[in-house]
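See structure below.
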Amino acid sequence: MTRAWSNPLRDPRDKRLPRIAGPSSLVIFGVTGDLARKKLMPAIYDLAHRGLLPAGFSLVGFARRDWEHQDFGELVHDSVKEHARTPFKESVWNRLAEGIRFVQGTFDDDDAFDRLAQTVKDLDAERGTGGNTAFYLSIPPSAFPVVTKQLARSGLADASEETWRRVVIEKPFGRDLKSAKELNEIVNDVFPEESVFRIDHYLGKETVQNLLALRFANQLFEPIWNANYVDHVQITMAEDIGLGGRAGYYDGIGAARDVIQNHLLQLLALTAMEEPVSFAPRALRSEKIKVLSATKPLGPLDETTARGQYAGGWQGGMKVPGLLQEDGFSKDSTTETYAAVTLEVQNRRWAGVPFYLRTGKRLGRRVTEIAVVFKRAPHLPFDSTSTEELGQNALVIRVQPDEGITLRFGSKVPGTTMEVRDVTMDFGYGHAFTESSPEAYERLILDVLLGEPSLFPVNEEVELSWEILDPILDHWAKKGAPAAYPPGSWGPPSADEMLERTGRNWRRP
Ligand code: BG6
């Protein structure tokens with residue numbers, strides 16, 4: 001039997017080898033958008049720089065602009081120079097640039113899609129892309145139906161026995177359960193579910209994948225990871241930026257649909273799920289589906305949820321506009337820029353443990369973290385004054401920007417008879433590893449080319465997430481405008497009240 005490492009060209013210590021994508025091309029719709037410029041094209045360059053793309057890899061941009069191939073090439077070049085994670089190397093760029101093509105057209109233009117089909121075919125003949133193509137829909141969901149229909153009509157969606165065709169969809173996957181179902185039907189009409197890759201870029205983050213290692217590679221945490229020991233869980237994704245320039249996408253969508261429905265519910269699923277049988281896609285997804293099916297909003301919603309909208313004011317020494325003054329937002333917009341919800345995972349492991357999820361724009365700091373807060377010790381054999389400054393033990397997974405894990409526990413203050421105060425023990429990626437973490441989109445684009453679906457939510461997960469959120473959104477829809485909060489703060493007063501009612505407080509990371 002030939003073993004993989006018997007090939008003299010393969011060094012068994014080189015962990016990259018099994019992960020190099022096979023012959024393929026990638027078509028991006030929406031190349032002039034922010035996501036393509038800041039994330040997708042730089043990630044493709046980073047993959048090329050790391051030697052993970054196949055030799056004939058080709059990138060096709062499709063857009064309305066009246067461009068030649070080299071105009072698109074310049075856009076990719078500039079976005080790579082500005083945003084790539086790895087250093088710019090002329091030789092890497094030149095090889096990538098050889099496979100860059102542009103097709104001009106609108107989504108309703110049959111000829112343009114026929115030209116795209118011809119381009120994909122030509123690339124296969126010239127560069128050996130093996131007939132394998134992924135289509136990245138970095139476009140508004142309203143354009144999904146027409147583009148998927150065009151892909152079907154022009155034959156671009158058709159794979160043969162030996163080739164594959166895949167479609168990559170960016171969120172939002174609908175705006176509620178009903179529209180998500182419609183969207184899934186439209187996409188599944190053209191592409192079978194195993195060819196659909198729904199991007200939730202949080203799953204591409206190293207720190208998020210590390211949740212699986214933390215929980216399932218260690219003996220230390222799992223025995224206390226349940227309602228017997230955990231008091232509550234706080235999942236926070238806070239941003240200090242506002243929504244200037246994003247009205248088209250965000251007005252009428254809001255923080256809960258933008259972030260809680262996808263990123264935060266995926267974090268909850270990974271935090272709360274049972275151990276999967278393996279990390280095979282089906283095994284992992286079935287645990288996430290199980291835990292999302294058990295997750296419900298905890299009421300009464302007036303007391304257990306909060307929402308707000310940032311007002312104008314001063315933040316970090318700068319005068320910033322409120323949402324209603326941002327360009328493009330309707331002057332009476334009721335879109336929330338802060339959302340907090342209380343959820344309960346109704347199973348034996350978690351019954352009675354609230355999961356508090358919050359997200360917001362123009363908050364005090366950019367930080368994403370999962371804090372598992374433990375119950376107090378059942379008995380403290382100290383003078384009551386000795387433990388006045390002792391909080392609750394907590395394990396905090398710092399997703400970003402200061403990636404790592406913190407364990408908070410009580411310790412004796414030196415020199416006192418017995419005063420106990422909180423201290424922390426820290427793991428930081430920067431200290432523990434020399435490798436820098438790949439960007440989420442590097443991992444996810446590579447997984448699409450490899451046909452590795454573990455990190456992509458299936459439509460059942462998307463629909464379950466809407467089932468959890470819909471009652472809260474319906475409740476808010478009846479309530480009119482959300483309360484204003486000052487920029488640089490931690491949200492509206494109702495957010496603090498929602499936890500104080502239960503005798504708890506939000507962390508101030
Ligand atoms: C996106 C949201 O999914 O995630 C944005 O639509 C948000 O509103 C972004 O700013 C944040 O991503 P990250 O990786 O910077 O936390």
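Side-chain atoms are counted along with the backbone in the values below, which use heavy atoms only and exclude waters and symmetry mates. Ligands are counted one by one from 1 in listed order, and the atoms in each one are counted from 1 as well.
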* Listed once per pair and sorted, the ring pair (Phe, Tyr, Trp, His ring centres under 6.0 Å) pairs that draw on residues 172-204, sequence neighbours left out -> F197-F456, H201-H263, H201-Y441, Y202-H263
* Sequence neighbours left out, what pairs pass salt bridge (Lys or Arg N to Asp or Glu O under 4.0 Å) with at least one residue falling in residues 468-491? => D302-K479
Could you pull out every N or O of ligand 1 that sits under 3.5 Å from a protein N or O, with the distance for each pair?
from, atom 1, to, atom 2, distance (Å)
ligand 1, 3 (O), K171, NZ, 2.9
ligand 1, 3 (O), H263, NE2, 2.7
ligand 1, 6 (O), K171, NZ, 2.9
ligand 1, 6 (O), R246, NH2, 3.2
ligand 1, 6 (O), D258, OD1, 2.6
ligand 1, 6 (O), D258, OD2, 3.4
ligand 1, 8 (O), R246, NH1, 2.7
ligand 1, 8 (O), D258, OD2, 2.6
ligand 1, 8 (O), K361, NZ, 2.7
ligand 1, 10 (O), E239, OE1, 3.3
ligand 1, 10 (O), E239, OE2, 2.6
ligand 1, 10 (O), K361, NZ, 3.2
ligand 1, 12 (O), H201, NE2, 3.2
ligand 1, 14 (O), H201, NE2, 2.8
ligand 1, 14 (O), K205, NZ, 2.6
ligand 1, 16 (O), Y202, OH, 2.5
ligand 1, 16 (O), Q400, NE2, 2.7

* **Parallel, tilted or perpendicular: rings of F216 and F279 (30°, 60°)** => tilted
* So, for H77 and F88, is the gap between ring centers shorter than 6.0 Å? -> yes
* Can you tell me which residue pairs pass the salt bridge (Lys or Arg N to Asp or Glu O under 4.0 Å) test with a partner in residues 237-249, sequence neighbours excluded? => E239-K361
* Determine whether L137 and E170 make a side-chain contact, defined as any pair of heavy atoms from C-beta on separated by less than 4.5 Å. => no
